[in-house]
Amino acid sequence: MPRPAPSRRGFLLATAGAGAAVGLAAGPALADGRPRPRPFGRHGSPSARLTPKTLYVDPHGRGDFTSVRAAVAAATGSGWTLVLAPGTYRETVTLDATRTEATWIGAAEDPRETVVVYDNAAGTPKPDGSGTYGTSGSATVTVQADGFTAHRITFANDWLRADHPGWTGTQAVAIKVQGDRSAFHHCRFLGHQDTLLADTRALGHYARQYYAHCYVEGDVDFVFGRATAVYEHCHFRTLIRTDLAAAPYGFVFAPSTAGANPRGYLVSRSRVSSEAPDGYYKLARPWVPSSDPTARPMLTVRESHLGAGVDAAAPYANMRDAHPWQEQRFREYRNTGPGAAVTVPENRPQLTRAEAAAHTREAYLGDWRPYARHR
């Protein structure tokens, strides 16, 4: 039986077990709920900064700032590091294109303990009465700058359909990443529709992104955009839908790769699991936006485990019939699991061994090697 829609607090905590499953051990917590005496752990403090360009954020007031947004506003220019103490930061944050080479560190070892969250959706009215936010504007965190790195942080959008019956603008982005050389290590991305927007600042701008040991959950197109993005050792979790009675519940990936870009999304040594019934999710569908009708979405999934929630017989679908998935760049290579079974060969294009040699993190990321420092 479908379970009731979770509360907002339950939504943030629902994937704690899944986070542990990807190797993210829970950090110590005080039994009585009091804040830790050393909120920034091994990352210094305002009285013992790691570098002159390190700022500390703590919702309990023991840092330089109590909000991430205030710390970002103070960190003008390039090369700043923000250390976030454990806590929930309910706010929207934008890192504009001038704030390059920034690093955000969750001070707890467990990313579940450091959460940046808000609840705007595409259909949410703006406070100034100028309309609604739209999909892109709904993001809890927006990263426009090049050279951004995040460690052990949860980025979430906890807007829920159950709270807004009848809404049509149900896209609710947890993070929008547009910069080149953007890296996320041991992070979590929580949402429902359009959770993680791995994108670029403009059509002619190619943005390389790297996601390692991350957890992403959602239901409809919850990893989408036109970036050149590598997902390595990641866990993608599809959610139950209480508002639908039949399959498909949704789609994991919806790339919108520019036609001139030879590299789109690469998923390697990862896994897709589901809390929905078997076969209720498609692995991907191509997104050809009206702003770029020449897009040729590209997705390669290799050496990954696809659980039973993926429709093995027909893992791909069209977003629009004018742009059939068969004309896009969807390929697989040596995947395992019940969702990877090749029962209808024409529905599962496979790379040859020689072709697979061109679909590696090295080929996609070029001279940028974010994986070399975090093995």
Side-chain angles (χ1 to χ4, degrees), residues 12-13 19 24-118 139-158 174-177 179 181-190 212-215 370 373-374:
L12 287 174
L13 298 178
L24 307 180
L30 299 180
D32 60 4
R34 289 181 294 122
R36 290 186 179 88
R38 296 181 64 243
F40 305 108
R42 59 188 173 88
H43 302 287
S45 68
S47 61
R49 297 183 193 277
L50 293 182
T51 71
K53 297 188 93 172
T54 300
L55 297 176
Y56 296 87
V57 188
D58 176 32
H60 301 287
R62 295 164 297 174
D64 300 303
F65 302 94
T66 58
S67 73
V68 181
R69 185 190 298 175
V72 168
T76 57
S78 182
W80 286 88
T81 295
L82 304 188
V83 181
L84 279 57
T88 298
Y89 300 88
R90 179 162 285 278
E91 54 183 315
T92 59
V93 185
T94 296
L95 191 73
D96 68 43
T98 68
R99 290 169 162 81
T100 58
E101 312 305 325
T103 299
W104 293 6
I105 300 172
E109 290 300 306
D110 187 345
R112 292 172 293 180
E113 297 188 35
T114 307
V115 180
V116 186
V117 58
Y118 209 72
T140 297
V141 173
T142 298
V143 178
Q144 299 171 341
D146 292 341
F148 177 77
T149 302
H151 301 269
R152 301 183 185 277
I153 297 172
T154 292
F155 301 91
N157 190 317
D158 62 355
I175 188 168
K176 176 174 67 174
V177 186
R181 295 179 293 104
S182 300
F184 296 82
H185 303 273
H186 297 281
C187 289
R188 300 167 75 231
F189 307 93
L190 308 183
H213 302 279
C214 290
Y215 172 86
R373 300 185 299 274
H374 300 279

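Sequence positions, counted from 1, serve as the residue numbers for this chain.
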Side chain Arg99, main chain Thr94, donor-acceptor under 3.5 Å
no

Supply the atom-to-atom distance Thr149 OG1 to Ile105 CD1, rounded to the nearest 0.5 angstrom.
9.5 Å

Residue list, salt bridge (charged side-chain N to carboxylate O under 4.0 Å, His left out) with Glu91, at least two apart or on another chain
none

Whether the side chain of Tyr89 engages the backbone of Leu84 through a donor-acceptor N/O pair (distance < 3.5 Å, no angle test) should be reported.
no

Specify whether His186 and His213 have parallel, tilted or perpendicular ring planes, treating 30° as the upper limit for parallel and 60° as the lower limit for perpendicular.
parallel

Nearest heavy-atom contact between Arg62 and Pro39 is NH2-CB, 3.5 Å

May I ask you to test the Tyr118-Val93 pair for a side-chain heavy-atom distance under 4.5 Å?
no

According to side-chain hydrogen bond (donor to acceptor under 3.5 Å, both in side chains), does anything in residues 70-87 pair up with another residue at least two apart or in another chain? List the pairs.
Ser78-Thr100

Using side-chain heavy atoms (C-beta onward) and a distance below 4.5 Å, is Thr140 in contact with Phe155?
no

Can you tell me how far CZ of Phe184 sits from CD1 of Ile153, rounded to the nearest 0.5 angstrom?
9.0 Å

For the residue pair Pro111 and Arg188, what are the closest heavy atoms and their distance?
CG-CD, 3.9 Å

Going by an N to O cut-off under 4.0 Å, is there a salt bridge joining Arg181 and Glu101?
yes

Just checking, any donor-acceptor pair under 3.5 angstrom between side chains of Arg112 and Thr154?
no

Tell me the closest heavy-atom pair linking Phe148 and Ala150, and the distance in Å.
CE2-CB, 3.8 Å

Distance in Å, Leu95 CG paired with Asp146 CG, rounded so as to fall on 0.5 Å steps
10.5 Å

CZ (Arg42) and CG (Leu50) are apart, to the nearest 0.5 Å, by 9.5 Å

Check each of Asp96, Val141, Leu82 against Val72 using the side chain to side chain contact (heavy atoms under 4.5 Å, CB included) test, and report the only one that passes.
Leu82

On a heavy-atom basis, which atom in Arg152 and which in Glu109 lie closest, and how many Å separate them?
NH1-O, 3.0 Å

Which heavy-atom pair separates Ala145 from Ser182 by the least distance, and what is that distance?
O-OG, 4.3 Å

Test item: Asp64 side-chain N/O and Tyr56 main-chain N/O as donor-acceptor pair under 3.5 Å
yes

For a quick test of reading the model, state the closest non-hydrogen atom pair linking Leu55 to Ala74 and the distance between them.
CD1-CB, 4.4 Å

